[in-house]
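Hydrogens, waters and symmetry mates play no part in the numbers below; they use all other heavy atoms, side chains included. Numbers restart at 1 for each chain; the letters A, B, ... are given by sequence-line order, proteins then strands.
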Number of protein chains: 2
Amino acid sequence: MARTSGSYSELTEPRIRAEATRLFAQKGYASVSMREIAQAVGVQAGALYNYTADKQTLLFSLLETHMHDLLAHCPDFRNDETPVMHLEAFVRFHIEFHIARRDAVFLSYMELRNLTQENFAKIEHLRQTYEGKLRDILERGRVDQSFEVQDAKVASFAIIGMLKEMATWYRPEGPLSHVEISSLYWAMVKNMVRGGRDADRI
Amino acid sequence: MARTSGSYSELTEPRIRAEATRLFAQKGYASVSMREIAQAVGVQAGALYNYTADKQTLLFSLLETHMHDLLAHCPDFRNDETPVMHLEAFVRFHIEFHIARRDAVFLSYMELRNLTQENFAKIEHLRQTYEGKLRDILERGRVDQSFEVQDAKVASFAIIGMLKEMATWYRPEGPLSHVEISSLYWAMVKNMVRGGRDADRI
DNA sequence: GTCTATAGTTGGATAGAC
DNA sequence: GTCTATCCAACTATAGAC
């Protein structure tokens, strides 16, 4: 479909980002050509270069925006909250965000190795900032003995892993609502870190 | 390094498989060229085609062999064992296997989408057979109430996810032995599915 | 079984018209 | 801002000599 000059210009950039996110998530960065992205958007390949210096920069920009959004929306924790309350807020936020932005989340897990060394370092720093929040919660709970956690770092990896897996199997049309999923996962995480503590109290 | 005809023939095939596994795991299937594999092996690119019909078949063969090995070594469960014993055996086997074959495991998680539809279906079937074993253990424990699990399917995904994540962070030179890792993970999985049950008994 | 050489294709990126 | 046309590099896979 031929386009007259500039007729859709303010729509093109977000569409490029949306289609690139979708295609990279579906087929992998290295398997998607610039021509393929252009076709999904409805422009010619050369037009993409009005919006990105090159393919690598496009990937980096998608990941960077995603990580910044993740950190910006991540709940801050107040001092009057217990580690258990912190952890529940983190888990529920994480799941909601992952359901709402499945493709971007999937990208940020799968395509790190296709970043240049320099770009990787920047994204990795953001990722560690985010995952560090979880580790800090677990470490505080371990120290004040509200959690039964042997190794906060390994536990944080385990929790990240089990939540990450959701991005693989979750489908919006599936039988479980996001509230149900959130509660299922919170129950599992709570059991994992609380050991028998809740049972003692009831 | 030039080679005289046939001098290393019986070594070439396993070396191709080993280098391809390593490179695919490190950089991704689509980002690794046949030339690069050949160079790592120490032959010219054309020589690879004595051992594989094409690049896709090489990937499929690596994944298929890995999945068959996984299923072949997976412990069978005896009727006189409890769900808790089953689950511990499964978790410890899974971790040992993942530590021993890190690259192949990583490949089998990351490169499914680079298989043709037909090849994907075969690998996916093997994967579901393996993960079904875990789901069956959890479902039996849920029914006989030795586990406090709301949804065996979601719980199996969660456990697979947390164990899978280990392949991302584990390094042989790290501070934790595989026995320590195995015990850390088993403690977390047991807490997760047992809720307060162990605390009641002690 | 491996080599050299290459056919045939595809991809990233750019130039210049409009 | 987009299009058309194209350059050049890299890739898969094959052919034929040894």
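An OP1 or OP2 oxygen of D:dC11 is reached within less than 4.0 angstrom by a side-chain nitrogen or oxygen of B:Ser33. Not one side-chain nitrogen or oxygen of B:Thr12 sits closer than 4.0 Å to the OP1 or OP2 atom of C:dG1. Within the structure, a side-chain polar atom (N or O) of A:Gln44 is placed less than 4.0 Å from OP1 or OP2 of D:dT4. Dashed line: the shortest gap from a side-chain N or O of A:Tyr51 to OP1 or OP2 of D:dT2 is under 4.0 Å.
Heavy-atom distances to DNA chain C give each of A:Gly46 and B:Arg35 a nearest nucleotide, and the one nearer the 5′ end belongs to B:Arg35.
The separation between A:Asn114 atom CG and C:dG12 atom C1' is 15 Å, rounded to whole Å. The distance between atom CD of A:Glu36 and atom P of C:dT10, rounded to the nearest whole Å, is 13 Å. The distance between atom CE of B:Met34 and atom C1' of C:dT9, rounded to the nearest whole Å, is 16 Å. Taking atom CG on B:Leu11 and atom P on C:dG1, their separation rounds to 13 Å, with Å as the unit. The separation between B:Leu59 atom CG and D:dC11 atom P is 18 Å, rounded to whole Å. Whole-Å rounding puts the B:Ile16 CD1 to C:dT2 P distance at 7 Å. Rounded to a whole Å, the OH atom of A:Tyr49 is 13 Å from the P atom of C:dA15. Taking atom CG of residue A:Asp54 and atom P of nucleotide C:dG12, one finds them 11 Å apart after rounding to whole Å.
Distance from the side chain of B:Asn50 is smallest to C:dG1 among C:dG1, D:dC3, D:dA13.
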Should B:Glu148 and B:Arg142 be marked as a salt bridge (charged side-chain N to carboxylate O under 4.0 Å, His left out) after you check the CA-CA gap, both sets of side-chain angles, and the distance that decides it? CA-CA 6 Å; B:Glu148 182 184 289; B:Arg142 189 187 69 78; over 6 Å; no
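Within the cation-pi definition used here (under 6.0 Å to the ring centroid, within 45° of the axis), A:Lys133 does not qualify as a partner of A:Phe90.
With 3.5 Å as the limit, one finds a donor-acceptor pair spanning the side chains of A:Arg17 and A:Ser61. A:Arg78 and A:His86 form no side-chain donor-acceptor contact under 3.5 Å, judged by distance and modelled atom types alone.
A donor-acceptor distance shorter than 3.5 angstrom exists from the side chain of A:Arg194 to the backbone of A:Ser146, with no hydrogens or angles considered.
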